[in-house]
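The structure appears below as structure tokens.
Labels below follow one simple rule: chain letters A, B, ... track the order of the sequence lines, proteins then strands, and each chain is numbered from 1. Since this is a predicted model, take the numbers as computed values, not measurements.
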2 protein chains.
Amino acid sequence: MKRAAGAEHEILRSAGLRVTPQRVAILKLLRGTRAHPSPEMVYRELKPAYPGLSLNTVYQTLHALEKAGVLRRISMEENVYRFDANVAPHVHLVCRGCGRVDDCNGDLEPLLEHLGREVAARCAWDIRAQDSCFYGYCPGCRSEGKPPKPREEV
Amino acid sequence: MKRAAGAEHEILRSAGLRVTPQRVAILKLLRGTRAHPSPEMVYRELKPAYPGLSLNTVYQTLHALEKAGVLRRISMEENVYRFDANVAPHVHLVCRGCGRVDDCNGDLEPLLEHLGREVAARCAWDIRAQDSCFYGYCPGCRSEGKPPKPREEV
DNA sequence: ACTTGACATCGTAGCAGTTCCTATGTAGTA
DNA sequence: TACTACATAGGAACTGCTACGATGTCAAGT
Ligand SMILES: [Mn+2]
Ligand SMILES: [Mn+2]
Ligand SMILES: [Zn+2]
Ligand SMILES: [Zn+2]
């Protein structure tokens, strides 16, 4: 293999997108985090190093990268977009206390794919994407004395 | 069993909520539809029969019923709330063409519960709810010549 | 290296969905 | 029937996202 630096450059090029400092920075940030940042979070994170950066550019770049399949957009109860550079099948955990979004570790891909096949077999839809989110309280928020209510919906 | 009429009345009472015409109407609508309506849809649907109805009341009622566990709120790519009186485990299908939200028929509950157990076993979170959405094109939109792209994310 | 055109960025204005505020109204209890 | 805590209506305010137009810049081709 060759250099690791410049990976973002190549990803952008092979997606048919021009390489700009903003896009490289945004993509690098996404590929280097597990926080599933929202557009605002991306903006706040990069603004110090790129004072000229526009929030609008963040939105446009995230859109372009999503359309190219480099990123995926996930939706949750807060009605705020969050982005993920990991486009492989995995489950998301969303904390109702602090809002953090984690990946669920452990190989659940077989289960997710099985579920996908079952759904595709049961409906006449043209399925393009699938999203499994679990809501609750992360270890940090749980220890802060959140009410231990019973299980609700599924 | 007793009467079917007045079911909404009893549901509201046992949820500790006052019974008002607005609440009965909203709950009855939700319990009688499979469209997973948004607050706006509920409002537009009921406004003719209840000219004095306020959109704000729709929001507040939906919130109260969600908090009581009578309704569940589902989130999807459009960043618009949609509500469901069916709080039992089931998969949702979301059309990227027309925006409709369907339930996936066929008993997938065992699979969903299995997935839930696996997730709970793999993380230290206090899980309270779970949501599985599939995105694509419904039969109607599919026949209108949508582009047949390959499968993407999971 | 220079030119050049298509594409990207920026700032701002606009929009839609949701929440906040408060005066008025009403359900449920005694 | 009277009272009070809770619910409603209307509108203002807020938020995240998108549209628009002027300016800037990447990269292909000379
Ligand atoms: Mn993820
Ligand atoms: Mn449903
Ligand atoms: Zn938390
Ligand atoms: Zn459709």
Side-chain angles (χ1 to χ4, degrees), chain A residues 6 8-27 29 36-47 49-68 70-71 73-83 99 101, chain B residues 6 8-27 29 36-68 70-71 73-83 96 99 101:
Chain A
E8 287 77 23
H9 193 290
E10 287 170 25
I11 291 171
L12 286 166
R13 298 260 56 202
S14 60
L17 298 168
R18 285 193 180 169
V19 179
T20 68
Q22 295 92 334
R23 286 179 172 178
V24 171
I26 292 168
L27 181 52
L29 173 65
H36 306 84
S38 67
E40 276 286 339
M41 292 160 82
V42 171
Y43 180 69
R44 285 203 311 272
E45 191 81 21
L46 295 177
K47 189 72 173 173
Y50 299 80
L53 181 65
S54 156
L55 178 59
N56 194 344
T57 297
V58 174
Y59 274 100
Q60 291 177 189
T61 300
L62 293 173
H63 272 149
L65 291 172
E66 185 202 2
K67 204 171 97 180
V70 177
L71 300 181
R73 186 172 62 174
I74 54 185
S75 304
M76 42 211 48
E77 289 174 343
E78 293 306 316
N79 273 2
V80 175
Y81 294 145
R82 312 222 17 183
F83 288 84
V101 180
Chain B
E8 287 76 24
H9 194 289
E10 288 171 25
I11 291 171
L12 287 166
R13 297 260 55 200
S14 61
L17 298 167
R18 286 193 179 168
V19 179
T20 69
Q22 294 92 334
R23 287 178 171 177
V24 171
I26 292 168
L27 181 52
L29 174 65
H36 306 84
S38 67
E40 277 284 340
M41 292 160 82
V42 171
Y43 179 69
R44 284 204 311 271
E45 191 80 21
L46 295 178
K47 190 69 172 172
Y50 299 80
L53 181 67
S54 156
L55 177 58
N56 193 352
T57 298
V58 174
Y59 273 99
Q60 291 178 190
T61 300
L62 293 172
H63 273 148
L65 291 171
E66 185 202 2
K67 204 171 98 181
V70 178
L71 300 181
R73 187 172 62 173
I74 54 185
S75 304
M76 43 211 48
E77 290 174 342
E78 292 307 317
N79 273 2
V80 174
Y81 294 145
R82 315 237 354 197
F83 288 84
R96 285 175 173 167
V101 180

Nearest whole Å is fine: how far is [N] [atom2] from [X] [atom1]?
{"X": "B:Glu77", "N": "D:dT18", "atom1": "CD", "atom2": "P", "answer": "12 Å"}
{"X": "A:Leu53", "N": "C:dT12", "atom1": "CG", "atom2": "P", "answer": "15 Å"}
{"X": "B:Arg44", "N": "C:dA16", "atom1": "CZ", "atom2": "C1'", "answer": "12 Å"}
{"X": "B:Leu65", "N": "D:dT8", "atom1": "CG", "atom2": "C1'", "answer": "15 Å"}
{"X": "A:Phe83", "N": "D:dG16", "atom1": "CZ", "atom2": "P", "answer": "14 Å"}
{"X": "B:Glu78", "N": "C:dC15", "atom1": "CD", "atom2": "P", "answer": "19 Å"}
{"X": "A:Tyr81", "N": "D:dT15", "atom1": "OH", "atom2": "P", "answer": "18 Å"}
{"X": "A:Asn79", "N": "C:dT19", "atom1": "CG", "atom2": "C1'", "answer": "13 Å"}

State the [atom1]-[atom2] distance between [X] and [Y], to the nearest 0.5 angstrom.
{"X": "A:Leu71", "Y": "A:Leu27", "atom1": "CG", "atom2": "CG", "value": "6.5 Å"}
{"X": "A:Leu12", "Y": "A:Thr20", "atom1": "CG", "atom2": "OG1", "value": "7.5 Å"}
{"X": "B:Gln60", "Y": "B:Leu55", "atom1": "CD", "atom2": "CG", "value": "10.0 Å"}

Axis deviation across the helix from C:dA1-D:dT30 to C:dA30-D:dT1, five-pair ends, to the nearest 10°: 40°
Reading 5' to 3' through nucleotides 19-30 of chain D, protein heavy-atom contacts under 4.0 Å coded B for base, S for sugar-phosphate only, - for none: BB----BBSS--
Nucleotide nearest B:Arg23 (side chain, heavy atoms from C-beta), chosen from D:dT8, C:dT9, D:dT18: D:dT8
Sugar-phosphate only, base, or nothing, as touched by A:Leu55 at under 4.0 Å among non-hydrogen atoms: nothing
Atom CD of A:Gln22: over 12 foreign heavy atoms under 6.0 Å: yes
Comparing A:Gly16 and B:Pro39 on DNA chain C - which has the more 5′ nearest nucleotide: A:Gly16
Upstream residue (5' side of DNA chain C) when B:Glu40 and A:Val58 are each assigned their closest nucleotide: A:Val58
Donor-acceptor contact below 3.5 Å, side chain B:Ser14 vs main chain B:Glu10: yes
Donor-acceptor pair, side chain of A:Thr57 and main chain of A:Leu53, under 3.5 angstrom: no
D:dC17 phosphate, OP1 or OP2, under 4.0 Å from A:Tyr59 side-chain N/O: yes
Phosphate contact (C:dT19 OP1 or OP2) by B:His63 side-chain N/O below 4.0 Å: yes
Any A:Arg44 side-chain heavy atom under 4.5 Å of A:Lys47 side chain: no
Close side-chain approach of B:Met76 to A:Ser75, heavy-atom, < 4.5 Å: no
Residue met sooner reading DNA chain D from 5', once B:Gly52 and A:Val80 are mapped to nucleotides: B:Gly52
Heavy-atom closest pair, residues A:Val101 and A:His36: O-ND1, 2.9 Å
Set of residues satisfying side-chain contact (heavy atoms from CB on, under 4.5 Å) with respect to B:Tyr81, sequence neighbours excluded: A:Asn79, B:Pro39, B:Arg73, B:Phe83
